[in-house]
Amino acid sequence: MRSRPVYFKVTRRYQLLKLVPWRRLLNRESLAVGLVFTAAIAATCGMDRAPIGADVRNLALDVKRAGPDAPPTPEDSTMRLDGEVALHLQIALLQSAVSKLEKVPQYSALFTKQERIDGELLDEQIMQMKIHHTPHKVFFKVEKGDVGREILFPAADDDPRLVVKLPKLGFRLPAIRFDPTSSAPMSESRYPITMAGIKAFAELALEIRKKDLRLGNKVKAEVSDNSEFDGRPCYEFTVTYSEPSASKDYRKCVLKIDRQSMVPVYARNFTWPDKVSGADPNRLDETTLLEFYTFKNIDFETDMGTNTFLISNPEYHFVNQKG
């Protein structure tokens, strides 16, 4: 029997079911098919209550009126959903995450990324990340990759450029400033630093999933609660596209949402084999990785102090130190 964390109780799946727009789904199919499908979903119920963002309350109330009441099942049952209901559930949880993050002024995390740029898969990087939401401010310090590199955005309140300090020659080289979307920083990243952080990550995934709803049988979606990341239980969503006309860049997307913090913490996305030189059809996922991101050690309660996003912070190396 699969063990559950101590906060795991027999009510969370009720909350998840209420996020799914059953009325819309059932109207699209025959009543008989709808009842069978609903019964199959209801048989998975049995988790503890999860926070729901204010922007999905109306949807939850609508589903409560339209959806069935389901009996609880044994605690060790695994939730597995597929089809359009899995897409709707991912959309609702991402909306909830964005709503939660909009209320968080700043946070810190350990960020991992690996991306394919111009067909080449770059080395994995691990960075200490600090984010301030309004206004958007970012600080990175690289711990794996170009170890010691520091990145600050913006350089100042009146300077919308990002500033980079390289660790070469013991930080004696001057800091360099770039426009966030200029060729130099974009040669190392698929997205500009203006999109850094979990909130922008969730918003981008949400935008893509909403488009997926219009793809019909060109997209396959699945979700399970039988997953972990960094020792923490997660909901795992997998979206697979049948052909490049459905998604130019993505062939398959895997997203994990932490069941306790209810924010996305992991994404591994794969592209089409014709976009990758040397792609192996027998090791398709291994050889077609497009993007890999994780967020660990997220601290939403951190007090960073007034110097965190200042170029003059004495803990940073942007200003040349005497001696």
Side-chain angles (χ1 to χ4, degrees), residues 7 12 15-16 18-21 48-64 87-113 127-140 151-154 157 160 162 180-181 189-213 223 229-230 232 234-235 237 253 255-267 269 291 293-306 308-310:
Y7 61 83
R12 177 169 284 176
Q15 297 300 106
L16 296 180
K18 290 175 183 179
L19 293 177
V20 180
D48 57 337
R49 196 170 297 273
I52 299 174
D55 56 336
V56 296
R57 286 176 184 168
N58 291 337
L59 174 60
L61 291 173
D62 182 54
V63 174
K64 183 177 181 179
L87 276 179
H88 278 292
L89 181 56
Q90 185 175 358
I91 287 169
L93 291 181
L94 287 170
Q95 286 175 327
S96 179
V98 171
S99 178
K100 173 179 178 174
L101 290 163
E102 284 175 344
K103 299 177 178 66
V104 175
Q106 58 188 17
Y107 65 91
S108 61
L110 187 65
F111 175 54
T112 299
K113 82 165 185 174
M127 295 169 272
Q128 287 289 343
M129 178 180 73
K130 298 177 183 179
I131 297 286
H132 188 279
H133 277 144
T134 307
H136 182 61
K137 297 182 180 181
V138 183
F139 173 75
F140 287 124
I151 305 169
L152 181 68
F153 172 82
D157 290 341
L162 64 88
T181 58
S189 182
R190 286 178 51 80
Y191 306 100
I193 199 168
T194 53
M195 295 178 64
I198 306 173
K199 180 173 173 286
F201 172 66
E203 289 172 334
L204 179 60
L206 178 59
E207 179 183 346
I208 295 171
R209 294 292 88 81
K210 286 180 176 179
K211 292 178 180 178
D212 290 344
L213 285 173
V223 58
F229 172 66
D230 197 30
R232 296 166 63 91
C234 295
Y235 302 114
F237 294 86
C253 301
L255 178 77
K256 296 187 181 185
I257 295 179
D258 186 292
R259 286 209 317 250
Q260 188 172 20
S261 67
M262 297 302 286
V263 299
V265 293
Y266 174 106
N269 302 328
E291 303 168 338
Y293 309 108
T294 71
F295 301 91
K296 297 181 181 179
N297 305 334
I298 305 170
D299 185 355
F300 291 127
E301 305 296 330
T302 183
D303 183 4
M304 298 184 186
T306 58
T308 300
F309 301 100
L310 294 180

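Below, all heavy atoms of this structure are taken into account, side chains as well, without hydrogens, waters or symmetry copies.
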Side-chain heavy atoms of [X] within contact of [Y], under 4.5 Å:
X: Tyr266; Y: Tyr293; value: no
X: Leu152; Y: Val138; value: no
X: Lys137; Y: Asp157; value: yes
X: Leu255; Y: Leu94; value: yes
X: Val263; Y: Ile257; value: no
X: Leu162; Y: Pro154; value: no

**Message:** Just to verify, what does Gln106 make a side chain to side chain contact (heavy atoms under 4.5 Å, CB included) with, not counting sequence neighbours?
**Reply:**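 Gln106: side chain to side chain contact (heavy atoms under 4.5 Å, CB included) contacts with His132, Met304, Phe309.
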**Asked** With Leu310, which residues qualify under side chain to side chain contact (heavy atoms under 4.5 Å, CB included), at least two apart?
**Response**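 Asn307, Ser312.
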Sequence neighbours excluded, which residues qualify as ring-ring contact (aromatic ring centres under 6.0 Å, His included) partners of [X]?
X: Phe139; value: Tyr316
X: Tyr107; value: His133, Phe300
X: His136; value: none

Residues that [X] engages under side chain to side chain donor-acceptor pair (under 3.5 Å), provided they are two or more places apart:
X: Thr302; answer: none
X: Thr194; answer: none
X: Thr294; answer: Thr112
X: Gln128; answer: Glu143

**Pairing residues for Asp303 by the salt bridge (Lys or Arg N to Asp or Glu O under 4.0 Å) criterion, not counting sequence neighbours** =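 Listed in chain order: nothing, the list is empty.
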**Lys296/Asp258 salt bridge by N-O under 4.0 Å criterion** =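 Salt bridge flag = no for Lys296 with Asp258.
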**Asked** Does a donor on one side chain and an acceptor on the other come within less than 3.5 Å for Lys100 and Ser96?
**Response**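 Absent: no donor and acceptor within the cut-off.
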Which pairs would a plain distance check flag for residues 199-210, meaning a side-chain donor or acceptor within less than 3.5 Å of a matching protein atom at least two apart in sequence or in another chain?
from: Lys199; atom 1: NZ; to: Glu203; atom 2: OE2; distance (Å): 2.9
from: Arg209; atom 1: NE; to: Asp212; atom 2: OD2; distance (Å): 2.7
from: Arg209; atom 1: NH2; to: Asp212; atom 2: OD2; distance (Å): 3.1
from: Arg209; atom 1: NH2; to: Tyr241; atom 2: OH; distance (Å): 2.9

